[in-house]
Amino acid sequence: MNLGHTLMGSKRNWLVIYLIIPFMFSSIVNGTYNNNYYDPEALDDLIHSHANEALRKQRTGTLHNISLPSNFSGIEASVVRLRSSSFWSRGATFTTFYIPPRVIPLPYVKRLAIVYQNLGNWSSYYHKVPNHTLVAPVIGFAAYDSSESRGLGSEKLNLSFMGDPVLIYFPGIVQQNENVTLKCVMFGTGGFVEFSNVTSHNTCMTQNQGHFSIVARSLPLQKKEERLRKWWAIVFVAGFIGLILLGLVGLFIYKLVRRKQITEMENESDKGVTIDTIWVGRSKMPSASMVRTQPELENEYAP
């Protein structure tokens, strides 16, 4: 190993730093800012898949709970199969939704299934409203074709509301600040949100299927605390990266100093006593040109 190899190794180390550290910084900061955002469409697909299992050999008109994987504990889901004729004449009242009569599925199907979901304490991971705070869990419903088999169709049905709107109840909401106005919110695709007024008894109205909740505008104090947390996250990331850089620079300097010491030791060894060489046949062999210590007899009286 020589100094050139050391420098080449150091260059490779710096290349690794340039490649890895920006990725680490981006991952940590984005993870902090995005607050571990999850895809709501992927969750819908998961619930749809398990709803097929729940509908097997089940009676029409009965609400069935959907069993989800244990790592989704806290999310509640259920499904009910209805005849379209009954749905038109009676509507449906399940969980916290009241769907009035005179609703037509489009395209028209003989039977449909309605899937409900309550995201519970997972709500803020899947849905966000800029400058607002969720004060109720995100709940939703969607209709699927269920006429040809015991399962669900792959595509959602559209619902045409010919009468009253759907009523959505949010029980258990306690408004801590009376000066803050609560708003109903409907979540659309691509981060789209639509606001509407909250009616009596924490009720929202809609003529669409989807996901819904109640939000309150974030207070200035909450914004300051959020900015402070972001600054602390930036300081932590910068300090962590600084420690890594300091350690690598220290390691690089240590290798240079160590290599210099080894080089000096090799130079000193070359300055020692020169040993003559002689040729023995075709080989060059070292040969001492002088004897440093003259031999002496241990016993001078020896014959």
Side-chain angles (χ1 to χ4, degrees), residues 39-68 72 75-120 122-123 126-127 136-170 184-194 196 203-214:
D39 184 8
E41 294 184 3
L43 178 63
D44 289 345
D45 293 339
L46 174 71
I47 294 177
H48 176 275
S49 174
H50 285 77
N52 278 317
E53 299 293 332
L55 278 180
R56 290 181 180 177
K57 299 181 181 180
Q58 299 293 347
R59 296 177 55 186
T60 299
T62 304
L63 185 68
H64 306 284
N65 292 328
I66 300 174
S67 298
L68 299 177
F72 289 91
I75 297 179
E76 298 177 359
S78 54
V79 60
V80 59
R81 179 189 288 112
L82 301 169
R83 297 180 183 273
S84 294
S85 57
S86 175
F87 187 54
W88 165 262
S89 60
R90 301 178 185 177
T93 303
F94 298 101
T95 64
T96 56
F97 289 92
Y98 168 68
I99 303 177
R102 298 174 59 83
V103 179
I104 302 176
L106 298 175
Y108 182 81
V109 293
K110 184 177 180 180
R111 288 183 178 85
L112 73 157
I114 300 178
V115 178
Y116 300 88
Q117 53 183 265
N118 183 333
L119 304 190
W122 290 76
S123 299
Y126 286 95
H127 296 280
V138 174
I139 58 178
F141 73 98
Y144 296 89
D145 179 18
S146 186
S147 56
E148 297 298 332
S149 63
R150 289 290 183 179
L152 301 178
S154 58
E155 300 294 333
K156 293 180 181 178
L157 297 173
N158 292 318
L159 297 178
S160 177
F161 296 86
M162 309 297 292
D164 297 330
V166 176
L167 300 180
I168 311 169
Y169 300 100
F170 292 91
C184 298
V185 60
M186 183 186 75
F187 299 94
T189 57
F192 171 79
V193 293
E194 180 179 343
S196 60
T203 302
C204 296
M205 295 185 295
T206 184
Q207 288 190 326
N208 294 285
Q209 57 183 330
H211 295 86
F212 309 88
S213 186
I214 294 180

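FYI, side chains are in, hydrogens and waters are out, and symmetry mates aren't considered; it's all heavy atoms of this structure. Nothing here was measured: the structure is a model prediction, and the numbers come from that model. Counting from 1, the numbers follow the sequence of the chain as shown.
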From D44 CG over to H211 NE2, what is the distance, rounded to the nearest 0.5 angstrom? 4.5 Å

Could you check whether any side-chain N or O of S123 sits under 3.5 Å from a backbone N or O of P137, counting only pairs where one atom can act as donor and the other as acceptor? no

Please examine the side chains of F94 and I114, heavy atoms only from C-beta on, and report whether any two atoms are closer than 4.5 Å. no

Between L159 and V166, is any pair of side-chain heavy atoms under 4.5 Å apart? no

Apply side chain to side chain contact (heavy atoms under 4.5 Å, CB included) to M205 and L167, showing your working. CA-CA 5 Å; M205 295 185 295; L167 300 180; 3.4 Å; yes

How are the rings of F97 and Y116 set to each other: parallel, tilted or perpendicular (split at 30° and 60°)? tilted

Is a donor on one side and an acceptor on the other found under 3.5 Å between the side chain of T96 and the backbone of I168? no

Applying ring pair (Phe, Tyr, Trp, His ring centres under 6.0 Å) to F72 and not counting sequence neighbours gives W122

Taken to the nearest 0.5 Å, the spacing of R83 CZ from S147 OG works out to 11.5 Å

Heavy-atom closest pair (V103 atom, W88 atom, distance to 0.1 Å) is N-CE3, 3.5 Å

Got a donor-acceptor contact below 3.5 angstrom from the Q117 side chain to the I47 backbone? no

To the nearest 0.5 Å, what is the distance between CZ (F187) and CZ (F192)? 11.5 Å

